[in-house]
Amino acid sequence: MFEYNLFKKLPGWMQAKVLRQQGSFLSKREYKGWEIHLYSLEHQLVEVWQKDGLEVITNFKPTAPALQVLEPYVGSIEVQDF
């Protein structure tokens, strides 16, 4: 598994590659023409914003409340029955 602290130091294109290979895709949403994908990597939440061939990786501060980060995705996150 990729260490999150090392992940933050990578260039954006490599972060995107690591997320797709080792991250867990959680959900997708749209905002003002942007398609936003939410991933989990090493128990941290990361967003990938995509629009017109541009891709931006967003890392959240460790102090960011998880409920606030997840709130925009509430209607689209699939929860499995256990």
Side-chain angles (χ1 to χ4, degrees):
M1 200 72 171
F2 206 87
E3 188 176 319
Y4 184 73
N5 287 332
L6 294 175
F7 171 80
K8 292 191 311 184
K9 295 177 183 178
L10 295 173
W13 66 270
M14 183 60 97
Q15 286 182 351
K17 183 177 179 180
V18 168
L19 280 174
R20 287 186 183 90
Q21 291 176 348
Q22 299 181 27
S24 297
F25 175 78
L26 300 176
S27 189
K28 176 175 81 171
R29 67 184 175 104
E30 291 187 14
Y31 180 76
K32 295 187 177 184
W34 288 87
E35 187 173 280
I36 308 160
H37 298 248
L38 182 66
Y39 289 86
S40 173
L41 180 69
E42 286 290 307
H43 307 290
Q44 300 292 324
L45 296 172
V46 180
E47 286 183 327
V48 179
W49 291 61
Q50 298 174 327
K51 180 179 181 181
D52 300 331
L54 184 65
E55 195 167 59
V56 179
I57 310 295
T58 304
N59 299 294
F60 295 96
K61 291 183 179 182
T63 57
L67 290 177
Q68 286 183 347
V69 173
L70 294 173
E71 191 269 330
Y73 297 94
V74 169
S76 61
I77 292 179
E78 293 183 23
V79 179
Q80 297 177 359
D81 293 330
F82 291 99

Subject >> Minimum heavy-atom distance between Val69 and Ala64, given as atom pair plus value >> reply: CG2-CB, 4.1 Å

Indicate every side-chain donor-acceptor pair of residues 31-39 with a distance under 3.5 Å to a residue at least two apart or in another chain.
{"unit_1": "Glu35", "atom_1": "OE2", "unit_2": "His37", "atom_2": "NE2", "d": "2.8"}
{"unit_1": "His37", "atom_1": "NE2", "unit_2": "Gln50", "atom_2": "OE1", "d": "3.3"}

**OP:** Sequence neighbours left out, what pairs pass side chain to side chain donor-acceptor pair (under 3.5 Å) with at least one residue falling in residues 10-21?
**Re:** Arg20-Glu55

Original post:
More than 12 heavy atoms of other residues, nucleotides or ligands under 6.0 Å from CG of Leu67: is that the case?
Top reply: no

Subject >> Leu26 side chain reached by Leu45 side chain, heavy atoms, under 4.5 Å >> reply: yes

Subject >> Summary of salt bridge (charged side-chain N to carboxylate O under 4.0 Å, His left out) pairs that have at least one residue in residues 43-53, sequence neighbours excluded >> reply: Arg29-Glu47

Subject >> Any Phe7 side-chain heavy atom under 4.5 Å of Leu19 side chain >> reply: yes

Subject >> For Ala66, all residues meeting side chain to side chain contact (heavy atoms under 4.5 Å, CB included), sequence neighbours excluded >> reply: none

**OP:** With rounding to the nearest 0.5 Å, note down the distance linking CE in Met14 to NZ in Lys9.
**Re:** 15.5 Å

